[in-house]
Structure formats: structure tokens, C-alpha cells
Amino acid sequence: MGLCAARQLQKNGEKVLVLEARDRVGGRTYTLKDADHGAIDLGGAYVGPTQNRVYRICKELDLKLYNIDENNYTVMDLRSCWAKFKGSMPPFWNPFKVLDINHFIRTFDIMAKQVPCEAPWAAKKAKQWDSMTVAQFIDKILWTQSAKEYAGIFMKALFCAELSEISLLGALWYFNCGGGVLRLISITNGAQEKKVEGGTQQISEGLAKLVGDYVKLSSPAVYIKYDDHTVIVKDSHGNVYEARYVISSVPPPLLNRIEFDPPLPWERLQLMQKMPMGSIIKTVMYYKTQFWKKLDLNGIALSSDSVCCCCIDDTKPNGGHPAIMGFILADRAREMAAATPLVRKEALCAHYAWVFGTDDFLHPVDYREYNWMADQYSGGCYSSVMPPNVITKYG
Ligand SMILES: Cc1cc2nc3c(=O)[nH]c(=O)nc-3n(C[C@H](O)[C@H](O)[C@H](O)COP(=O)(O)OP(=O)(O)OC[C@H]3O[C@@H](n4cnc5c(N)ncnc54)[C@H](O)[C@@H]3O)c2cc1C
């Protein structure tokens, strides 16, 4: 976001300087340039309809996108059942379960539309919805165990948090801004539709090239002094910069690490303490072949109670480097962060073997992972999670 702002201002004839804390641009998009497997997206990766600005920049930078292949069967593993299906909606044999999940999605979308993207606190029922967690709402509105578990999977996969940690109002807001439930959970015609060939970090790298010498890496801002005319910014090396304006694009909770003079308003200081980042370890498991295709499986599995809530085929678009990308999320991420990479790798392989029904998944050729919770310049991912009673109290 920072580089986009800089590029836009530069286009309008303004002088800019981007201070980047890391020794690389890209932030929460991170494409590992791996000696064995080429570009591996260990951060933000998927792009879909409604992300028009991302599409525009990709076009400007001549980056190619490719579709995630969801032909063949997706697998769903709930405590109450196991099923394989095509598309986004699981085919419960029990009509009550089908009605239940359809009712949930419809109701959620109708409620979400009542939460304005630019002012979620202004929704008519903001207070009521903000005092409730997503877990409480799911328990209240859904009748069947399978539908509860299925709804729980996509909520956890989207927020990287336990359902009891998420404000219902916050979730409704997110879904409204993202175009509704089906848009956000789907692959085809949804948020997981495409990836960037060669990795998403190229977006920031391309923008940084355009901004030119005005991007300073390894320069964390630590102090900002401002008045009506001037802003003075200091980085951690003691370098001092003067500007007319500052745009902060750091993840909101991390802004609290920067000293402001005069201090930021108390509401802002409190808000930044109350919107924690999600908890996630992103993993990619490599195999010799895409053997799951021969079994009519697409490499996508949704699980309500396992180490990996959601996994997707991450084979390169030319069919090279067969791989499964898996998210370890929320409580599971916090538990598994204490283990070694080998333990996580073995737990994932055992899960894939069970959920896809073949022991071939027990024999990977390689494994890569990234623990975003341990990254001091993100503090977690994908983004901030709104706990109950924050949006309506702090706006
Ligand atoms: C595993 C994972 C999966 C994701 N999946 C998706 C997805 O599929 N689709 C999608 O759209 N999004 C996804 N996201 C989210 C997406 O990556 C982020 O929303 C997006 O990259 C945020 O961009 P940003 O510029 O706002 O923030 P950031 O990328 O966080 O950029 C902020 C920058 O500020 C820097 N910084 C921090 N503190 C300071 C300081 N004091 N001084 C100077 N610089 C500082 C950081 O180093 C960073 O470069 C995912 C994220 C992760 C980690």
C-alpha cells in the first residue's frame, strides 16, 4: 500500500521517500526465491474479482496471472462426516444440512449488506452485532453440526483466528467489503481464483523499481514529530527526514511502536492495542508427482478439526514442482509454533494422507514454511482481527 501511494504521488509530481523497515519490499507478500523450487509465495498469494486495483497494477507491470485449477474433487473433512464434491458448496445428503448452510449464507450476506464499508459502527444494529462473537452467532443461527463446522472452516480460514475471537460486526463488515460469502470463499469467480506467475512480491518489487532511488530499505521509522506545516521522521539508525506529510501503511497494531510527538489521540492509541493480527503459519509441501490428480482430486481440502484448516494445490502453472499449500491457523498455529518444522511437516503429511485417503502424501520430497506470527514487521497475518466491542467503541 505504501509503494502504491508513493507511486501515485510521484505520478502527480510530488517528491516522495519510502522508509521500509525490512531489507526487502513486499511486506506481507513474500515470494521466496528458492534454489530448488523457484518462486514460492509464502505470504499473500491469491487474487480474485473485486481486487481491481491489484489487477490494474499487475497489468501496468506486465505480470501474468494464472487460474487455480479446481477441476476434480475438493475434499471436506468434518467431525461429523467426510465428503468429496465439486465447486464451493458441499453436497450434504441430509436436506436439513443443505437448508441450514444455505440459510446461513443468505442471512450472513443480508446482514453484511447493512454494515457500511466506510463506517461499520453506523450500522443500525452495530452495537448488538459487535457485542457478539462469530462463534456465538454460528451457534445461534445454525441447527446442524455439519453446517456449523463448515461455516467455522471458512470463517477461520479468512480471519486466521478462533471464531470466539472475532466480532460478528467485524466479520460482517469484512464480508461486505469483500463482496459477500460466496465471493470470498470460492476459487472460480472468487477470492482464490488466480495467482501471479513468479509470485506476488513482484508487485511491490515492480512498484519499487518505478519509484526508483526513493525507497530506503532497512530503515524502520521510530519517531515522528509533526505540526501543521512539517513532519520530521527518524529511522532506527538516527537518520532524520523532513516532509510536508507522512502516510503510514504499517499494519495498525505495529504503529504503536513508533513514538509520536505530539502523541496520537487516545482513541487511536487504544484502537491500535485492540486490533491484533491473525495467527498463521503458511506451508508448502512438495511431492514428486501430482498423483492426487490421478485420483480425481484437486488438492483442495477443508477440515474442521485438524492441523490444517484449508489446503490448495500449489503446483506451478506449467505443472512443475507438484505441491500442496496448507494453512496452519489460529489456535493450531499457536500450538504448532512451539514444535519443530519436522514435527509440523509430519503432522501435515499425516493429515493430507488421512483427508485425501492415500498414503502417497506421507512421502514428500521437500517442505517450506513461514511463521508470520514471528515476523516482527507484520506481527501476524493476513490482517488485523476485530474482537468484539472494538469497532463500536473506537470507530
Ligand atoms: C500467509 C498470508 C496469506 C495471505 N493471503 C492473501 C490472499 O490470498 N489474498 C490477499 O488479497 N491477501 C492475502 N494476504 C494479505 C495481504 O498479503 C496483505 O493484506 C497485504 O500484503 C498488505 O499490504 P500492506 O501494504 O497494506 O501492508 P504490508 O504488506 O504489511 O506492508 C507494510 C510495510 O511496512 C513495513 N513496516 C512495518 N513497520 C515499519 C516501520 N516502523 N517503519 C517502516 N516500515 C515499516 C513492513 O516491513 C511492510 O513492508 C495474505 C497474507 C499472508 C501473510
Side-chain angles (χ1 to χ4, degrees), residues 1-6 16-31 41-45 120 158-162 165-167 170 173-174 177 200-201 203-205 207-208 211 214-226 231-241 243 245-282 327 329-330 333-334 337 370-387 390-391 393-395:
M1 218 161 76
L3 283 165
C4 276
V16 297
L17 182 70
V18 178
L19 294 183
E20 167 53 57
R22 291 178 165 101
D23 60 2
R24 63 168 182 88
V25 294
R28 279 172 270 170
T29 58
Y30 169 40
T31 308
D41 268 328
L42 290 175
L158 285 172
F159 294 102
C160 304
E162 292 301 319
E165 297 171 314
I166 314 163
S167 150
W173 175 44
Y174 186 93
C177 300
T200 38
Q201 200 187 334
I203 297 173
S204 296
E205 288 165 344
L207 285 169
V211 174
Y214 305 101
V215 180
K216 286 190 71 95
L217 299 179
S218 306
S219 305
V222 292
Y223 174 79
I224 298 179
K225 184 177 170 66
Y226 61 99
V231 187
I232 307 277
V233 181
K234 252 192 224 171
D235 70 16
S236 62
H237 311 290
N239 298 313
V240 178
Y241 306 93
Y245 297 98
V246 132
I247 295 176
S248 163
S249 60
V250 309
L254 301 192
L255 201 62
N256 256 343
R257 288 215 207 118
I258 301 177
E259 186 184 340
F260 282 83
D261 179 12
L264 293 175
W266 68 266
E267 297 95 326
R268 177 75 200 200
L269 286 172
Q270 286 249 303
L271 176 69
M272 292 181 311
Q273 293 176 58
K274 287 169 190 279
M275 36 191 305
M277 302 297 283
S279 303
I280 174 170
I281 303 172
K282 182 167 175 176
F327 289 135
L329 301 172
R334 299 181 277 242
Y370 195 80
N371 176 1
W372 284 94
M373 300 176 290
D375 184 315
Q376 66 167 333
Y377 294 119
S378 294
C381 280
Y382 326 123
S383 58
S384 286
V385 182
M386 281 297 185
V390 174
I391 296 179
K393 293 211 164 112
Y394 296 94

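On a predicted model such as this, the values are computed, not experimentally measured, just so you know.
Proximity of a side-chain donor or acceptor of Lys282 to a complementary backbone N or O of Tyr370 within less than 3.5 Å is not detected. Side-chain atoms of Thr31 come within 3.5 Å of backbone N or O of Gln201 as a donor-acceptor pair. Of the possible polar contacts, none joining the Glu165 side chain to the Pro387 backbone as a donor-acceptor pair under 3.5 Å is found.
Closest approach of Leu42 and Trp372 over heavy atoms only: O-NE1, 2.8 Å. When every heavy atom of Ala330 is checked against every heavy atom of Ala161, the shortest pair comes out as CB-C, 3.5 Å. Across every non-hydrogen atom of Ala5 and Ile247, the tightest pair is CB-CD1, 4.0 Å. Residues Ile281 and Met373 approach most closely at CG1-CE, 4.0 Å, considering heavy atoms. Taking each heavy atom of Cys381 and Met277 in turn, the nearest pair found is N-CB, 4.2 Å. Across every non-hydrogen atom of Ile391 and Gly170, the tightest pair is CD1-CA, 3.6 Å.
A distance of 12.5 Å separates OH of Tyr223 from CD1 of Ile258, quoted to the nearest 0.5 Å. Atom NE2 of His237 sits about 8.5 Å away from atom NZ of Lys216, to the nearest 0.5 Å. The distance from atom OG of Ser248 to atom CE of Met1, rounded to the nearest 0.5 Å, is 8.0 Å. One distance of note links CG of Leu329 with CZ of Arg334; it measures 10.0 Å at 0.5 Å rounding. To the nearest 0.5 Å, the span separating CG on Leu3 from OH on Tyr214 amounts to 15.0 Å. Atom CG of Leu255 sits about 7.0 Å away from atom CD1 of Ile224, to the nearest 0.5 Å.
At a threshold of 4.5 Å between non-hydrogen side-chain atoms, the residues Met272 and Pro253 do not count as touching. With a 4.5 Å cut-off on side-chain heavy atoms, Ser383 and Phe159 do not count as touching. Looking only at side-chain heavy atoms (C-beta outward), Ile203 and Thr29 stay at 4.5 Å or farther from each other. Side chains of Cys160 and Val385 form no contact here, defined as non-hydrogen atoms less than 4.5 Å apart. Residues Gln270 and Lys393 have side chains not in contact (no heavy-atom distance under 4.5 Å, counting atoms from C-beta outward). Two residues are said to be in side-chain contact when any heavy atoms from C-beta on lie closer than 4.5 Å; Leu217 and Arg24 fail this criterion. In this structure the side chain of Tyr226 never reaches within 4.5 angstrom of the side chain of Val246, judged on heavy atoms.
Donor-acceptor pairing under 3.5 Å is lacking for the side chains of Arg28 and Ser378.
Contacts of Asp23 classified as salt bridge (charged side-chain N to carboxylate O under 4.0 Å, His left out), with partners at least two apart in sequence or in another chain: none. Evaluation of the side chain to side chain donor-acceptor pair (under 3.5 Å) rule for Gln273 yields no partner, not counting sequence neighbours. By the side chain to side chain donor-acceptor pair (under 3.5 Å) test, Asn371 pairs with no residue at all, sequence neighbours left out. Considering only residues two or more places apart in sequence or on other chains, Asp375 meets the salt bridge (charged side-chain N to carboxylate O under 4.0 Å, His left out) condition with Arg22. The side chain to side chain donor-acceptor pair (under 3.5 Å) search around Tyr377 returns none, not counting sequence neighbours. Legend: residues meeting side chain to side chain donor-acceptor pair (under 3.5 Å) with Lys225, ordered by chain and number and at least two apart, are Asp261.
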